[in-house]
Amino acid sequence: QVQLVESGGGLVQPGGSLRLSCTASGFRLEHYTIGWFRQAPGKEREGVVCKSSGDGSTYYTDSMKGRVTISRDDGKNTMYLEMNSLKPEDTAVYYCAADPRDSGNYYYCSNYYDMDYWGKGTLVTVSS
């Protein structure tokens, strides 16, 4: 059974840091295009970062560029999103996603609905 499970969300003060985790089961992340997305209240889901399965290239969208880093631990079949210098406007539900195709990291970050597998999301609240 294919499954993605996020963890690590919570309340953090402005300027703080947080690391989200996403563990996959039923498939190997290293063979999939992976990404992190977020959805703020009343807004459409948007891409944060996507990493291609082919050449391993990474695309960071403008939403959090320079403040986030995606990584993957193949031994744990887990991907991570390290977030720094968090702002109140970063408050959102964060989702990890994966897709078996390699249509390009920019494509997936711009067309989130084409990612096949999704976690249920983890809430990040940035507030003092």
Side-chain angles (χ1 to χ4, degrees):
Q1 182 181 0
V2 171
Q3 194 174 17
L4 289 168
V5 179
E6 302 101 337
S7 61
L11 175 65
V12 61
Q13 291 188 341
S17 300
L18 209 58
R19 187 178 79 158
L20 306 181
S21 302
C22 173
T23 299
S25 57
F27 70 104
R28 298 294 305 174
L29 283 175
E30 60 196 292
H31 302 308
Y32 282 62
T33 296
I34 59 176
W36 287 93
F37 299 78
R38 69 180 185 177
Q39 188 165 16
K43 293 189 176 181
E44 188 177 7
R45 192 169 299 188
E46 64 174 356
V48 175
V49 55
C50 296
K51 185 178 181 67
S52 295
S53 59
D55 61 6
S57 61
T58 303
Y59 173 72
Y60 291 89
T61 70
D62 290 341
S63 63
M64 299 186 79
K65 192 173 184 179
R67 299 187 293 124
V68 296
T69 303
I70 188 173
S71 61
R72 191 185 69 218
D73 185 331
D74 292 341
K76 296 181 179 179
N77 206 23
T78 298
M79 60 177 164
Y80 304 94
L81 182 69
E82 189 77 38
M83 304 186 292
N84 301 300
S85 302
L86 285 164
K87 307 173 183 179
E89 51 263 43
D90 294 321
T91 295
V93 177
Y94 284 73
Y95 300 89
C96 62
D99 194 273
R101 299 162 293 181
D102 189 15
S103 299
N105 47 34
Y106 174 81
Y107 175 81
Y108 284 112
C109 263
S110 302
N111 300 278
Y112 68 89
Y113 39 81
D114 267 353
M115 295 290 270
D116 269 1
Y117 305 130
W118 289 86
K120 293 183 178 180
T122 185
L123 177 63
V124 172
T125 303
V126 184
S127 175
S128 55

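All values below come from the heavy atoms of this structure, side chains included, with hydrogens, waters and symmetry mates left out. Numbers here simply count residues along the sequence, with the first being 1.
- By the side chain to side chain contact (heavy atoms under 4.5 Å, CB included) test, Ala24 is found to be paired with Leu4, Phe27, Leu29, Asn77, residues two or more places apart in sequence or in another chain being considered.
- At a threshold of 4.5 Å between non-hydrogen side-chain atoms, the residues Val5 and Cys22 do not count as touching.
- At most 12 heavy atoms of other shown residues, nucleotides or ligands fall within 6.0 angstrom of atom CD in Glu44.
- The ring-ring contact (aromatic ring centres under 6.0 Å, His included) pairs that include a residue from residues 65-106 are Tyr59-Tyr106, where partners are two or more places apart or lie in different chains.
- By the side chain to side chain donor-acceptor pair (under 3.5 Å) test, Asp73 is found to be paired with no residue, residues two or more places apart in sequence or in another chain being considered.
- A donor-acceptor pair is defined here as one N or O able to donate and one able to accept, closer than 3.5 Å; such a pair exists between the side chain of Arg28 and the backbone of Asp74.
- Counting only heavy atoms from C-beta outward, the side chains of Leu20 and Met83 approach each other to under 4.5 Å.
- Both Tyr117 and Val49 sit in one connected hydrophobic cluster of ILVMFWY residues. Membership requires side-chain heavy atoms under 4.5 Å apart, directly or through other members.
- Cys96 is listed as a side-chain neighbour of Met79, based on a closest heavy-atom distance under 4.5 Å.
- With sequence neighbours excluded, the residues satisfying side chain to side chain donor-acceptor pair (under 3.5 Å) with Ser63 are Thr61.
- With no hydrogens or angles considered, a side-chain donor-acceptor pair links Thr78 and Thr23 at under 3.5 Å.
- Note on Tyr32 and Ile70: same hydrophobic cluster, where clusters join Ile, Leu, Val, Met, Phe, Trp and Tyr whose side-chain heavy atoms are under 4.5 Å apart, directly or indirectly.
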Apply the test side chain to side chain donor-acceptor pair (under 3.5 Å) to residues Tyr113 and Asn111: give CA-CA distance (whole Å), side-chain angles for both, the deciding distance (0.1 Å), then the verdict. CA-CA 5 Å; Tyr113 39 81; Asn111 300 278; 2.6 Å; yes
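- Counting only residues at least two apart or in different chains, side-chain hydrogen bond (donor to acceptor under 3.5 Å, both in side chains) contacts with residues 1-20 comprise Ser17-Asn84.
- At distances below 3.5 Å, not a single donor-acceptor pair connects side-chain atoms of Thr33 with backbone N or O atoms of Ser52.
- Applying the disulfide bond (SG atoms under 2.5 Å apart) definition to pairs two or more places apart or across chains, those involving residues 33-89 are Cys50-Cys109.
- Within the 4.5 Å cutoff, the side chain of Trp36 has no heavy atoms near those of the Tyr60 side chain.
- The side-chain heavy atoms of Arg67 and Val48, taken from C-beta on, include no pair separated by under 4.5 Å.
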Might you work through the side chain to side chain contact (heavy atoms under 4.5 Å, CB included) test for Val124 and Leu18, ending with a clear yes or no? CA-CA 9 Å; Val124 172; Leu18 209 58; 3.9 Å; yes
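- A distance of 8.5 Å separates CG of Leu86 from OG1 of Thr91, quoted to the nearest 0.5 Å.
- Side-chain contact check for Tyr108 and Asp99: at least one donor-acceptor pair (N or O, by modelled atom type) lies under 3.5 Å.
- Between Glu46 and Arg38 there is a salt bridge, since a side-chain N of the basic residue sits under 4.0 Å from a carboxylate O of the acidic one.
- Atom CG in Leu11 sits 9.0 Å away from atom CG in Leu123 (nearest 0.5 Å).
- Side-chain contact between Ser25 and Val2: absent, with no pair of heavy atoms (C-beta onward) separated by less than 4.5 Å.
- A heavy-atom distance below 4.5 Å is not found between the side chains of Val93 and Arg45.
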Would Val12 and Thr125 count as a side chain to side chain contact (heavy atoms under 4.5 Å, CB included) if you check the C-alpha gap in whole Å, the side-chain angles of each, and the deciding distance to 0.1 Å? CA-CA 6 Å; Val12 61; Thr125 303; over 6 Å; no
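- The closest donor-acceptor contact from the side chain of Lys51 to the backbone of Gly56 lies under 3.5 Å.
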